[in-house]
*Asks:* 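Dumping the structure here so I can ask a few things about it.
Everything numeric in this text was worked out from a predicted model, so none of it was measured. Each chain gets a letter, A, B and so on, in the order its sequence line appears, and its residues count up from 1.
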Amino acid sequence: MTSTASRATPSATPPAVPPADPPADPPATPPATPPADPPATPPADPPAVPFAYRRGSAAAAGLATGRGARRRDRLSWAIRTASVLFAVGLWQLLTTADARIGLRFDRLPSPAEVAGELVRQLQTAVYYLDLAQSVIRILTGFALAAVLGITAGILVGRSRRAGDALLPLIEVVRPIPAIAMVPIAILLFPTDEQGIVFITFAAAFFPVMVSTRHAVRALPVLWEDAVRTLGGGRRHVLWNVILPGSLPGIFGGLSVGMGVAWICVISAEMISGELGVGYRTWRAYTVVDYPGVIVGMATIGVLGWLTAAAIELLGRRLTRWLPRAEGSGS
Amino acid sequence: MTLNALETRRAGMALTLDGLALGYGSDPALRDIHLEVASGEVLVVVGPSGSGKSTLLRGLAGLLPPYSGRILADGAEVTGTAPDRAMIFQDDGLLPWRTVRGNVELPLGIRGVPKRQRMAIAEQWIGRVGLAGFDNRLPRELSGGMRQRVQLARALVGAPRAVLMDEPFGSLDAQTRAEMQRLLLDVLRDTSATVVFVTHDVDEALLLGDRIVVLGPSALGSAPLGRTGIRAVLDVPGPRDPATDRTGLRARILEEL
């Protein structure tokens with residue numbers, strides 16, 4: 001979200017202090033015995049956070065508030081809507097005019113035809129069956145990939161021996177696109193269903209595993225030391241430091257994993273399914289039903305967008321402690 | 001209330017460093033350390049940066065195994081970390097995803113103290129370090145001084161028998177640091193834990209310590225360059241009494257440094 005623009009260090013924080021940043025030392029005297037830090041001190045101790053976790057705090061401070069910002073928000077929404085409407089309008093224009101300008105728009109269905117087809121399909125049961133089937137496949141494969149990917153990533157990131165045992169295998173299989181495993185999946189798994197779920201799993205597993213591994217290895221040692229000196233053993237370090245500390249990185253992997261999982265579930269369905277959005281889209285193509293193809297494409301787009309948004313939302317909720325722009329409102 | 005169970009004055013831990021060599025890699029920076037830390041005393045370790053103060057403390061905590069020699073805690077060899085030897089870090093020792101209360105409850109959770117009890121004990125310590133009402137704040141929402149208060153509460157909530165402090169006030173401004181020193185003296189009065197406190201600030205050492213250990217380059221050129229050891233162990237007259245005049249001792253320490 002706030003990637004490049006916000007790399008500035010917190011020391012560059014503009015005078016307008018964001019509401020949630022260091023709330024100056026306790027202003028009203030707390031009832032407890034020793035007096036709180038004097039209110040005069042806060043500028044002297046900026047939040048000391050490892051640099052990787054500092055992203056965005058300056059951007060948070062730089063965000064203007066009030067009416068100016070709201071007007072700018074409204075303007076950018078207007079531009080976004082206009083941009084989409086323009087594209088659809090152009091499409092409608094080119095198709096109704098049967099334009100042949102290098103690209104042959106005369107055979108492409110118009111947005112109106114596609115909308116009509118969508119409305120028709122929305123009234124059929126098979127549309128929802130396909131939808132449910134694809135969602136079940138992706139959620140099963142993705143859930144497996146998340147659990148096993150995080151587990152393997154932590155194992156490989158923490159234990160040298162586990163790395164020795166697992167990494168060679170992983171590195172050999174990783175460059176193979178999951179979709180290239182379809183023939184083997186068909187051969188190995190008794191049902192198509194299992195094969196498709198396996199392909200989805202294989203696609204999402206690697207991004208999750210790799211980013212977990214990197215996140216685990218990038219964790220500052222200090223937190224682990226702290227838990228150990230408080231009497232914590234390996235289990236405590238795992239639950240209290242490694243898992244929560246690598247969540248920001250893990251969610252990066254989950255986002256990428258969800259993207260490739262959709263690519264692969266749709267492709268696998270096109271090859272070997274008997275139900276599912278991918279299968280339906282391909283079938284529409286084989287009977288030269290182009291409006292149907294585009295309805296399928298749009299359905300896939302919306303599903304992919306929804307699942308990506310769900311992961312993004314969950315990730316933000318679980319990593320609220322990060323000093324980032326959006327979350328700092330508490 | 002079961003607070004008293006954890007509050008009861010348990011004798012501080014006696015620590016012995018016996019011919020200790022400690023450091024990273026195959027060429028330990030600290031060599032031939034012999035030192036007795038008496039039960040319940042406040043021992044301050046001073047030295048220039050790079051003199052191995054923090055290394056010594058990590059050894060005592062059990063985070064760094066000795067290269068040779070032994071570390072004894074009440075006569076038993078230290079082989080790893082233990083809840084009886086709590087450590088306070090210079091900064092960033094708090095878990096950023098846990099609230100103030102979550103951090104203070106952590107050692108109790110590790111010990112398996114039941115949830116309700118945990119909350120009560122944590123609450124009491126949060127008040128004691130002057131952070132009542134800040135229970136649900138995240139570390140990033142606190143100032144440096146407040147974060148060190150939380151670390152202090154987190155280290156002491158489990159009633160450890162030794163507290164190891166690694167320049168805990170080193171990154172605070174002068175005024176906050178003075179406040180924290182006062183708070184520390186206040187809290188230490190109620191415990192009998194042994195304290196090993198590392199600092200590079202001589203005045204802080206004089207204010208807090210029963211005894212002061214000066215670390216520095218090994219004396220008389222007996223050891224090769226880059227090695228450090230104990231240059232002096234000094235008693236502080238009238239410990240923790242701000243009124244006592246310690247200019248002589250101060251000059252002596254500065255000379256050793």
*Asks:* In terms of heavy-atom proximity below 4.5 Å to chain A, should B/Arg154 be classed as side chain, backbone, both, or neither?
*Replies:* both

*Asks:* Among B/Ala61, B/Pro83, B/Pro96, single out the residue with the greatest number of heavy-atom pairs under 4.5 Å to chain A.
*Replies:* B/Pro96

*Asks:* Please classify the contact between B/Leu164 and chain A as side chain, backbone, both or neither, with a heavy-atom cut-off of under 4.5 Å.
*Replies:* neither

*Asks:* Of all the heavy-atom pairs spanning B/Leu138 and A/Trp321, show the shortest one and how long it is.
*Replies:* CD1-CA, 3.8 Å

*Asks:* Determine the minimum heavy-atom distance between B/Arg140 and A/Arg320, stating which atoms define it.
*Replies:* NH2-O, 2.7 Å

*Asks:* Of the non-hydrogen atoms in B/Ala155 and A/Leu230, which two are nearest, and what is the gap between them?
*Replies:* CA-CD2, 4.5 Å

*Asks:* Is there a side-chain contact (heavy atoms from CB on, under 4.5 Å) between B/Met87 and A/Asp225? Walk through the geometry before answering.
*Replies:* CA-CA 9 Å; B/Met87 185 148 168; A/Asp225 285 350; over 6 Å; no

*Asks:* Counting heavy-atom pairs under 4.5 Å with chain A, which one of B/Gly109, B/Gly93, B/Pro160, B/Gly62 comes out on top?
*Replies:* B/Gly93

*Asks:* Quick one, B/Arg98 and A/Asn240 - any side-chain contact, counting heavy atoms below 4.5 Å?
*Replies:* yes

*Asks:* Check B/Ile110 against A/Gly231 and note the closest heavy-atom contact, atom names and distance.
*Replies:* CG2-O, 3.5 Å

*Asks:* For the candidates B/Thr81, B/Asp84, B/Ile88, which exhibits the highest count of non-hydrogen atom pairs separated by less than 4.5 Å from chain A?
*Replies:* B/Thr81

*Asks:* So, for B/Asp92 and A/Leu222, which heavy atoms are closest and what is the spacing to 0.1 Å?
*Replies:* O-CD2, 3.2 Å

*Asks:* Do the side chains of B/Trp97 and A/Leu247 get nearer than 4.5 Å, heavy atoms only?
*Replies:* no

*Asks:* I need the minimum non-hydrogen distance between A/Trp223 and B/Leu94, along with the two atoms involved.
*Replies:* NE1-O, 3.3 Å

*Asks:* Using heavy atoms and a sub-4.5 Å threshold, report which of residues 146-161 of chain A line up against chain B, by residue number.
*Replies:* none

